[in-house]
Protein chains: 2
Amino acid sequence: MIVNEPSDPGLLALARDFREALRHSIYLVRRLDADGELSAAQLSMLKMLMDAAPATADSASSASGVRVGEIARNLGVKVPSATEQIIKLERAGLARREPDPSDSRAVRVTLTEAGLAAVASANERRNAVMAGILSSLSDDDRAALAAALPVIGRINATLQA
Amino acid sequence: MIVNEPSDPGLLALARDFREALRHSIYLVRRLDADGELSAAQLSMLKMLMDAAPATADSASSASGVRVGEIARNLGVKVPSATEQIIKLERAGLARREPDPSDSRAVRVTLTEAGLAAVASANERRNAVMAGILSSLSDDDRAALAAALPVIGRINATLQA
DNA sequence: CGATCATAGTTAGGTAGCCTAACAGTTAGG
DNA sequence: CCTAACTGTTAGGCTACCTAACTATGATCG
């Protein structure tokens, strides 16, 4: 049995259905992001900064913060777009820009305390809304969804390359 | 055993993981839409028009086309946003606006031949790219994904209410 | 060493897609 | 009729992205 052929009908059908599911999910994401406290783009960046941070409360830890170019790469946007968002976060008091001691061209971006709190609160609220939606599913449905999430994660990971 | 409680830890974790998957999928969607021939919003609208059409080649069929308000509702946007997109599609020769004979306030939007062709070609290309990505998955992964798509469909359907 | 080239980020200007508010025309009800 | 409700467009504004051009620093090499 031949699989993985580019023209395999089953594969194309799966591709179509997955695209369709993602397309409709846009509305879901929009609904979740409509709570206003933080835009999707800003929450994404804050979360990324949080994950990238060594999470050491020790402020003397080496090379803290993430460089602008790295942020852009992580978020899949161009550097000027990242700069723009960073400036907004900075003005909102959620992030800080500091010069990189080892390279004066570079800029290190870190979360502030307020940024950390904002990310936690925004995620909590969105997760609660999503949990409410998921609560109407059957146990089998939830199991199927849970089983697919790692797969979707692998799909998304292939894009990094 | 209590399930579906808003504070159920498993449910919240699933919500978090699903949100995370959707968040990352944005890049995937962006990649798919980057082929340039048609924006995501425009393709969505064209596809909606295609699905809503009676699909009768007979141009004398009753009440052809979709009203602007209905389009907006189907796409989850406000009426002015729909109008804006429709005008763009019209200018591109992909859609047509006609007065509704039974209500002079209303406008009926239909696909042109070019619009139909554009939707087919854009979908084909995107599906092929997606199929290429999916082809690197294992059979088990594809099965898990396929099993979850109806669930995601149900989740998205709950938003219509 | 110093000219040159590469790299990091910002600034400037533009586009797409969404929104609300205000408007014009049409229909329906009291 | 005349007012209230509805349909769609116009006007103006916002966010988030982009490319191109610029500044400043670092790295290479003759």
Side-chain angles (χ1 to χ4, degrees), chain A residues 23 26-46 48 63 65-92 94-110 122, chain B residues 23 26-46 48 63 65-92 94-110 122:
Chain A
R23 192 168 69 82
I26 289 175
Y27 313 136
L28 178 58
V29 172
R30 276 218 272 265
R31 160 87 51 110
L32 252 48
D33 289 334
D35 68 358
E37 57 180 330
L38 218 51
S39 77
Q42 291 182 342
L43 179 53
S44 267
M45 182 174 290
L46 289 176
M48 203 272 293
V66 185
R67 295 171 53 145
V68 175
E70 203 178 336
I71 291 175
R73 224 174 317 110
N74 285 335
L75 296 183
V77 301
K78 301 297 177 185
V79 169
S81 307
T83 294
E84 188 179 334
Q85 290 298 337
I86 292 164
I87 290 173
K88 279 184 193 169
L89 290 180
E90 193 175 36
R91 274 205 282 258
L94 305 178
R96 221 183 345 252
R97 272 193 294 183
E98 292 159 352
D100 185 325
S102 69
D103 184 344
S104 330
R105 296 170 301 179
V107 169
R108 297 251 165 213
V109 181
T110 49
Chain B
R23 192 168 70 81
I26 289 176
Y27 313 136
L28 178 59
V29 172
R30 277 217 271 264
R31 160 88 50 109
L32 252 47
D33 290 334
D35 67 359
E37 56 180 333
L38 219 50
S39 77
Q42 291 183 342
L43 180 52
S44 267
M45 183 173 289
L46 288 177
M48 204 271 294
V66 185
R67 296 173 51 149
V68 175
E70 204 177 336
I71 292 175
R73 224 173 317 112
N74 285 336
L75 296 183
V77 300
K78 299 300 178 185
V79 169
S81 306
T83 294
E84 188 179 335
Q85 290 299 337
I86 292 165
I87 289 173
K88 280 183 193 171
L89 290 180
E90 193 176 36
R91 275 205 280 259
L94 304 177
R96 220 184 345 251
R97 270 194 295 184
E98 292 159 353
D100 185 325
S102 69
D103 185 343
S104 325
R105 295 170 302 181
V107 169
R108 296 254 164 210
V109 181
T110 50

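These numbers come from a predicted model, not from an experiment.
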**Study point:** Spacing of A/Tyr27 atom OH relative to C/dC18 atom C1', expressed in whole Å
**Key:** 13 Å

Exercise for review: State the OG-CG distance between A/Ser39 and A/Leu46, to the nearest 0.5 angstrom.
Suggested key: 8.5 Å

Practice item. Tell me, please, the opening and closing nucleotides of DNA chain D, 5' to 3', among those with an atom under 4.0 angstrom from a non-hydrogen atom of chain B. Key: D/dC6 to D/dC17

Exercise for review: May I ask you to say what B/Ser39 touches in the nucleic acid, namely base, sugar-phosphate or nothing, with a heavy-atom cut-off under 4.0 Å?
Suggested key: sugar-phosphate

Exercise for review: May I ask you to evaluate whether B/Lys88 reaches the phosphate of C/dG17, defined as a side-chain N or O under 4.0 Å from OP1 or OP2?
Suggested key: yes

**Study point:** 5′-ward residue of the pair B/Lys78/A/Val107 relative to DNA chain C
**Key:** A/Val107

Revision key, fill the gap. Rounding to 0.5 Å, atoms OH (A/Tyr27) and CG (B/Asn74) come to a distance of 8.5 Å

Review point. In Å, rounded to the nearest 0.5 Å, how long is the span from CZ of A/Arg67 to CG of A/Asp100?
Key: 6.0 Å

Distance-only donor-acceptor pairs under 3.5 Å for side chains of residues 75-88 of chain A, two or more places apart:
unit_1: A/Thr83; atom_1: OG1; unit_2: A/Val79; atom_2: O; d: 3.3

Practice item. Check every strand shown and say whether A/Val79 touches a base, only sugar-phosphate, or nothing at a heavy-atom separation below 4.0 Å. Key: base

Study note, to complete from the structure: Here the gap from B/Leu89 atom CG to B/Gln42 atom CD, rounded to the nearest 0.5 Å, amounts to 5.0 Å

Review point. Between atom OG1 of B/Thr110 and atom CD of B/Glu98, what is the distance when rounded to the nearest 0.5 Å?
Key: 4.5 Å

Exercise for review: May I have the distance from B/Leu46 (atom CG) to C/dG17 (atom P), rounded to whole angstrom?
Suggested key: 11 Å

Revision key, fill the gap. Sorted by chain and residue number, the salt bridge (charged side-chain N to carboxylate O under 4.0 Å, His left out) partners of B/Arg97 (sequence neighbours excluded) come out as B/Glu90

Revision key, fill the gap. The side chain to side chain contact (heavy atoms under 4.5 Å, CB included) partners of A/Ala122 (sequence neighbours excluded) come to A/Glu37, A/Leu38, A/Leu43, A/Arg126

Review point. Which parts of nucleotides 22-30 of chain C does protein reach within less than 4.0 Å, heavy atoms only, written one letter per nucleotide 5' to 3' as B for base, S for sugar-phosphate only and - for none?
Key: ---BBS---

Review point. Between C/dG17 atom P and A/Asp33 atom CG, what is the distance in whole Å?
Key: 18 Å

Practice item. Determine to 10° how strongly the helix from C/dC1-D/dG30 to C/dG30-D/dC1 is bent, judged from the axes of its five-pair ends. Key: 0°

Revision key, fill the gap. Comparing A/Glu84 with A/Arg30, nearest DNA chain C nucleotide closer to 5' gives the residue A/Glu84

Exercise for review: Give the rounded distance in Å between these two atoms: CZ of A/Arg67 and C1' of C/dT7.
Suggested key: 9 Å

Review point. Side chains of B/Arg108 and B/Pro99: closer than 4.5 Å at any heavy-atom pair?
Key: no

